[in-house]
Amino acid sequence: MEVVISQKKPSSASADGVSTIPLYRSAPTLEVRLEDFERFAVDRLLVLRGISDGLARGKKPDEMEKLVSDLWKANMRHPNTSEIIDKDIISHFVLRLVYCRTEELRKWFLSMESTLFRYRFRLETSDVHRALMTELGIPYKSVTNAEFEGLKEKLSQVARSIGQQLPTSDTVYYKVPWEEVSELVGSRRVFIKKGYAYVALNQVVSFVIPHFRSHLSKALVLTNRKWTSMIREQEKDRLTPIVEALSTSYLGPDYTQDKEFGEISLKDIDQVARSSFPLCMRHLFDSLREDHHLKHGGRIQLGLFLKGVGLKLDDALAFWKAEFSQKVGAERFDKEYAYGIRHNFGKEGKRTDYTPFSCQKIILSTPGVGDHHGCPYRHFSEENLRAALGKMGVGSRELEQVVEKAKGRHYQLACTLTFEAIHGASCDSGINHPNQYFKASQNILKEKKQSTA
Ligand code: SF4
C-alpha cells in the first residue's frame, strides 16, 4: 500500500549521532504492509493513552519523563533497530488520519503528541536541540557575547534562584518575545528585559513545543480536508474501516469468558455484584433486580459482562428469566427475550461469541430516557453519581476526588479511584474494562482471604 507519508529520516546531527525524534513535517511515499499500518498505530496509541492517563493522574514532570520513556520502550520497539524511526513516522501519520476527523479527536491527539514530543525532546542533547530548532524554522538568535556580558549579573541571579549552574561565556541564551514563553514567565524562571525573555539552551523546550504544536495543529486540519474530500471514499474497502475503528478501539484482553475464576454460580451472584462489579454493572444489576426489566442496551452491556465473568448460558437464562418473568411473564420471556441471551453466547443468528464491552465503548454509548446502560461517571448527573458512590461505600474524601475526575471527563480514572477507595489497594494499570475491574477485585479479595485464613 502507499501511505501518505513522506519524511526525511531525521537529519539533526548530534554529538553522539542522530536525533531519534522526527518532526513529521512532510510526507514521502512509503510502502507499508496493511498489518503494519494497524499494528504500529495500535502501539503508538498505547503510548498516547498511557500519557493521557499519567496527565489525568496529575503526575509531576519528572514522573512524566519516566512514564513516557517507559511507555516508548515498551511499545515502540521494533526487532530491526533501523526500522524504529520508520515505525515512529508511520504510526504518527496513521494516527493523524484517525484523529483528524473531529475537533475533539484533534484536540486530544494534539495534546498527547505535544506531550510525547516534549519529553522525548528533553532527553536529547543540546546539539540535537539546536538542530531541531533549525529544522522547525524557529527564528530566534542566540545572544551575542557583548550582550551576555552586559546581562551576566541578572542572568546569574535567575539561574541561582532556580537552582541552575551559573552561566559562563559558553552558555547559550536565546532572546525571545516574552509572550512566547509564558510558562517560564509565569513560574519566574527567566530574566525579562524590554519585552524579551532570555532563555537558556536547557529551557528552549518552552518555545519549541508551541512551534511543534502549531505545525501539527495546521497539519491535522489539512489532513481532515484530504480525508473527507478524498481518502475516506478512495480507501473505503481497505484503510477507512481500520481508521474509523482505531479511535475507539480497546487495546487490552477481550475477556470473552473468564478462565481464571471459572464459573460464578447464581447463588453467589448478589454478593459478587456487591463486592466486585464496577459501578456501570452494579447500576444495571440493581436496576434489573428492582424493575425486573432492562432495555436492549442494558441487556447487552450486562449480559456480555456476566458471560465474561463466568456465568454459563443455562444460568444466564435462569437469571434473566427469574427477573423478567416477574414483569412480563415466563411465556413472553421465552418468546421475546431468551433469544437475545442465547445470541450473546453465539447460539443464535451469526453465531458469533460476542465480547464484553470495554470502557471506551460503554463511555461512548448514548443511553436514552429509561436506559440504564452507559458509564455512570459520564452519564449520571452529579447528584446521582454522588448517591451511587456513597452506596458503594466510597468515603467522603475519596468521593470528592472521584467526582472531580468525572467532572474533568476523566471517567476511567474516576472509576480507578473508586476501585482503589473500595479495595484499599492501588490499581496502577488503570481501569480499561469492566471485566478487568471484576478480575482485579476478585484477585484482591482472594489474597485478603488467604492472608486471614
Ligand atoms: Fe464501567 Fe468502565 Fe465506566 Fe468503570 S469506567 S463504570 S468499568 S464503563
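Ligands are counted one by one from 1 in listed order, and the atoms in each one are counted from 1 as well.
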Please check if atom CH2 in W108 has more than 12 non-hydrogen atoms from other residues, nucleotides or ligands closer than 6.0 Å.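 Yes, enclosed.
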
Short N-O contact, K87 and D36, less than 4.0 angstrom: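 Here K87 does not pair with D36 in a salt bridge, since their nearest N and O are not under 4.0 Å apart.
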
Run the salt-bridge test on K321 and D334 with the 4.0 Å N-O cut-off and return the result as yes or no.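 Judged by the 4.0 Å cut-off on N to carboxylate O distance, K321 and D334 do form a salt bridge.
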
Check the orientation of [X] and [Y]. Use parallel for under 30°, tilted for 30 to 60°, and perpendicular for over 60°.
{"X": "F305", "Y": "F438", "result": "perpendicular"}
{"X": "H293", "Y": "F324", "result": "tilted"}
{"X": "F109", "Y": "Y99", "result": "parallel"}

Short of 2.8 Å from atom 4 (Fe) of ligand 1, name each protein N/O/S atom, waters not counted.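 Hits for atom 4 (Fe) of ligand 1 below 2.8 Å: C415 SG.
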
